[in-house]
Amino acid sequence: MMPEFQADVVTAISTTALYKLGYKVTTRDANGTKFWRYVKNGSGASFKVGQGTMIKSSSATYEADVSTTDASHARFLGVAQVYSLDSVPSLFLNLHFGFVQCEGFGRVLGIAAGVAANSSLSCVAAGEFDLGTIGAVDLVAFNPAALAAGVIAGSAYIKSV
């Protein structure tokens, strides 16, 4: 059984590792159970809310980069959510440690064209999510409601390995 954390713990980022990279925990809220994985942002930029993350190229640890079309299930880590640094709202800053959501309902960054409701989603460039074709690409999320055009973070069920 995975340890259960409070929501404020999984949304805090820090400049030093507080847990072992890859550590997985659960939280519960009105939308159900969510699973989170502890990573280091090694992308060179801040993660936006809803941006998909994957294991950074040539990394043998849970060092995260922005997901691309290469984000297979084996490489996909999770999705950046809303964060705080010293109790102040923040993006998930580069070279900081924190949790990305790897399962459960959360925010995802849709593509500029939008995605229809009830679509299976895969990662595309810049950590965005787009309609995925079963069997052709690795699917990592499902959106019960349409993701509006204009690259807006919408709700989806995230499912990584």
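All heavy atoms count here, side chains included; hydrogens, waters and symmetry mates do not.
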Test your reading of the model: is there a side-chain donor-acceptor pair from [X] to the backbone of [Y], 3.5 Å cut-off?
X	Y	value
Thr53	Gly78	yes
Asn143	Ser119	yes
Tyr19	Ala17	no
Asp86	Val88	no

Closest contact, heavy atoms only, [X] versus [Y]:
X	Y	answer
Thr133	Leu139	N-CD2, 4.1 Å
Pro144	Ala156	CD-CA, 4.2 Å
Val115	Phe129	CG2-O, 4.2 Å
Ser122	Val140	CA-CG2, 4.4 Å
Leu131	Leu121	N-CD2, 4.2 Å
Lys20	Tyr38	O-CD2, 3.8 Å

Establish whether [X] and [Y] are linked, either directly or via other cluster members, by ILVMFWY side-chain heavy-atom contacts under 4.5 Å.
X	Y	result
Leu21	Leu95	no
Phe142	Val100	no
Val82	Leu109	no
Ile13	Tyr23	yes
Val49	Val39	no

Please step through side-chain contact (heavy atoms from CB on, under 4.5 Å) for the pair Met54 and Cys123, ending with a clear verdict. CA-CA 10 Å; Met54 67 182 192; Cys123 291; over 6 Å; no
Gap between atom [atom2] of [Y] and atom [atom1] of [X] - 0.5 Å precision:
X	Y	atom1	atom2	value
Gln101	Thr27	CD	OG1	7.0 Å
Arg37	Phe99	CZ	CZ	10.5 Å
Phe76	Ile55	CZ	CD1	11.5 Å
Ser90	Tyr83	OG	OH	10.5 Å
Ser120	Lys159	OG	NZ	13.5 Å
Lys34	Arg28	NZ	CZ	12.5 Å

Phe47 ring center near Phe92 ring center (under 6.0 Å): yes
I want to check something: taking the side chain as every heavy atom from C-beta on, are Glu63 and Ser58 in contact at a cut-off of under 4.5 Å? no
As a quick check of understanding, evaluate side-chain contact (heavy atoms from CB on, under 4.5 Å) for His96 and Leu85, giving each step before the final call. CA-CA 10 Å; His96 281 64; Leu85 178 61; 4.1 Å; yes
Indicate the ring-plane relationship of Tyr157 and Phe105, choosing parallel, tilted or perpendicular according to the 30° and 60° boundaries. perpendicular
Within a 6.0 Å radius of atom CG on Asp29, are there more than 12 heavy atoms belonging to other residues, nucleotides or ligands? yes
Say whether Ser14 and Thr16, considering side chains only, have a donor N or O and an acceptor N or O under 3.5 Å apart. no
